[in-house]
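Data block below; observations after.
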Amino acid sequence: QVQLVESGGGLVQAGGSLRLSCAASGRTFSSCAMGWFRQAPAKEREFVAAITGRGGNTYYADSVKGRFTISRDNAKNTVYLQIDSLKSEDTAVYYCAADCRPWTVVPPVTAREYDYWGQGTQVTASS
């Protein structure tokens with residue numbers, strides 16, 4: 001079992017920045033690929049970014065490339081999502097997720113392939 005707790009969301013002016021954190025507990029964190037997803041009202045949950053277990057490779061949705069940065073600190077069992085140049089369309093609940101399957105090489109971009117989820121943190125861009 002893995003427990004995930006997100007934090008760092010809030011109301012930020014469009015164009016601003018914030019950093020989301022996701023603290024993990026329950027098993028060897030570095031054995032899990034980690035992903036960030038988001039879900040806006042009346043929309044499906046969508047992939048945002050992912051990172052391999054040791055942090056060597058990162059992946060991004062086209063809509064956030066160049067503005068979002070995913071990183072992790074395995075010593076702190078934490079994954080981060082740095083959000084810069086926030087846009088109104090980034091407004092959503094952001095979730096972190098863990099894929100701890102031992103055969104995973106490239107982190108998945110589909111939500112159903114992740115084993116564990118946090119409760120989500122709201123990010124709102126104000127105009």
Side-chain angles (χ1 to χ4, degrees):
Q1 288 289 333
V2 177
Q3 293 78 43
L4 302 173
V5 179
E6 301 98 334
S7 60
L11 178 64
V12 178
Q13 194 168 15
S17 299
L18 72 168
R19 188 175 78 160
L20 307 183
S21 299
C22 173
S25 62
R27 63 177 292 171
T28 305
F29 179 65
S30 62
S31 68
C32 302
M34 299 297 296
W36 283 97
F37 288 75
R38 66 187 181 186
Q39 189 166 17
K43 292 189 176 181
E44 292 189 356
R45 192 168 298 190
E46 65 172 356
F47 170 77
V48 173
I51 188 168
T52 50
R54 299 192 183 278
N57 292 291
T58 56
Y59 306 85
Y60 297 94
D62 288 343
S63 59
V64 306
K65 279 182 183 176
R67 300 189 298 118
F68 289 20
T69 304
I70 188 171
S71 62
R72 66 191 296 162
D73 185 340
N74 286 344
K76 296 182 178 179
N77 283 7
T78 302
V79 62
Y80 305 98
L81 185 68
Q82 176 68 38
I83 299 175
D84 297 317
S85 302
L86 190 68
K87 300 179 180 180
S88 58
E89 52 262 44
D90 296 323
T91 295
V93 177
Y94 283 70
Y95 300 89
C96 70
D99 173 5
C100 303
R101 298 172 296 177
W103 55 85
T104 294
V105 176
V106 177
V109 299
T110 53
R112 65 177 183 272
E113 295 189 73
Y114 283 82
D115 309 310
Y116 306 100
W117 291 84
Q119 83 289 350
T121 185
Q122 176 72 46
V123 172
T124 303
S126 64
S127 57

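- Residues forming a side chain to side chain donor-acceptor pair (under 3.5 Å) with Ser25 (at least two apart in sequence, or on another chain): Gln3.
- Here the side chains of Ile70 and Phe68 are not in contact, with every heavy-atom distance at 4.5 Å or above.
- In the hydrophobic clustering of this structure, Tyr94 groups with Val2; members are Ile, Leu, Val, Met, Phe, Trp, Tyr whose side-chain heavy atoms approach within less than 4.5 Å, directly or through other members.
- The same ILVMFWY cluster, assembled from side-chain heavy atoms under 4.5 Å apart, contains both Tyr60 and Ile83.
- More than 12 heavy-atom neighbours from other residues, nucleotides or ligands sit within 6.0 angstrom of CD on Glu89.
- A heavy-atom distance below 4.5 Å is not found between the side chains of Thr91 and Arg38.
- With Glu6 contributing its side chain and Gly120 its backbone, the two residues share a donor-acceptor pair below 3.5 Å.
- Residue Ala111 comes nearest to Trp117 through the heavy atom pair O-CZ2, 3.3 Å, listed as atom of the first residue, atom of the second, then distance.
- Atom OH of Tyr80 and atom CZ of Arg72 lie 11.0 Å apart (nearest 0.5 Å).
- For the atom pair Asn77 CG and Leu4 CG, the distance stands at 10.5 Å (nearest 0.5 Å).
- The cluster map of Ile, Leu, Val, Met, Phe, Trp and Tyr, joined by side-chain heavy atoms under 4.5 Å apart, puts Val105 and Tyr114 in the same cluster.
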Q. Under the side chain to side chain contact (heavy atoms under 4.5 Å, CB included) criterion, do Ser31 and Arg54 qualify, and how do the steps go?
A. CA-CA 8 Å; Ser31 68; Arg54 299 192 183 278; over 6 Å; no
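- Cation-pi check for Arg45 over Tyr95 is met; the charged atom lies under 6.0 angstrom from the ring centroid and within 45 degrees of its normal.
- Between Cys96 atom SG and Ile51 atom CD1 the span is 12.5 Å, to the nearest 0.5 Å.
- Lys87 and Asp90 are not joined by a salt bridge, as no carboxylate oxygen comes within less than 4.0 angstrom of a charged side-chain nitrogen.
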(Q) Using the rule given for side chain to side chain contact (heavy atoms under 4.5 Å, CB included), can you reason through Thr121 versus Val93, listing the C-alpha separation, both sets of side-chain angles and the distance that settles it, and then say yes or no? (A) CA-CA 5 Å; Thr121 185; Val93 177; 6.0 Å; no
Q. Checking side chain to side chain contact (heavy atoms under 4.5 Å, CB included) for the pair Cys32/Tyr116: CA distance, chi angles, key distance, verdict?
A. CA-CA 10 Å; Cys32 302; Tyr116 306 100; 6.0 Å; no
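- Distance alone, capped at 3.5 Å, places no donor-acceptor pair between the Gln39 side chain and the Ala92 backbone.
- Sorted by first then second residue, the side-chain hydrogen bond (donor to acceptor under 3.5 Å, both in side chains) pairs that include residues 9-22, not counting sequence neighbours, are Ser17-Asp84.
- A distance of 7.5 Å separates CD in Gln82 from CG in Leu18, rounded to the nearest 0.5 Å.
- The salt bridge (charged side-chain N to carboxylate O under 4.0 Å, His left out) test applied to Asp99 returns Arg101, not counting sequence neighbours.
- Separating the CE atom in Met34 from the CG atom in Asn74 is a distance of 9.5 Å, to the nearest 0.5 Å.
- There is a path of hydrophobic side-chain contacts, each under 4.5 Å, that joins Val123 to Leu81.
- Residues Val79 and Val109 do not share a hydrophobic cluster, clusters being chains of Ile/Leu/Val/Met/Phe/Trp/Tyr side chains in contact below 4.5 Å.
- We find the OG1-CG distance between Thr52 and Asn57 to be 4.5 Å, quoted to the nearest 0.5 Å.
- The aromatic rings of Phe37 and Phe47 sit perpendicular, their planes meeting at an angle over 60°, well past the 30° parallel limit.
- Counting heavy atoms from C-beta on, the side chains of Thr78 and Phe29 never come closer than 4.5 Å.
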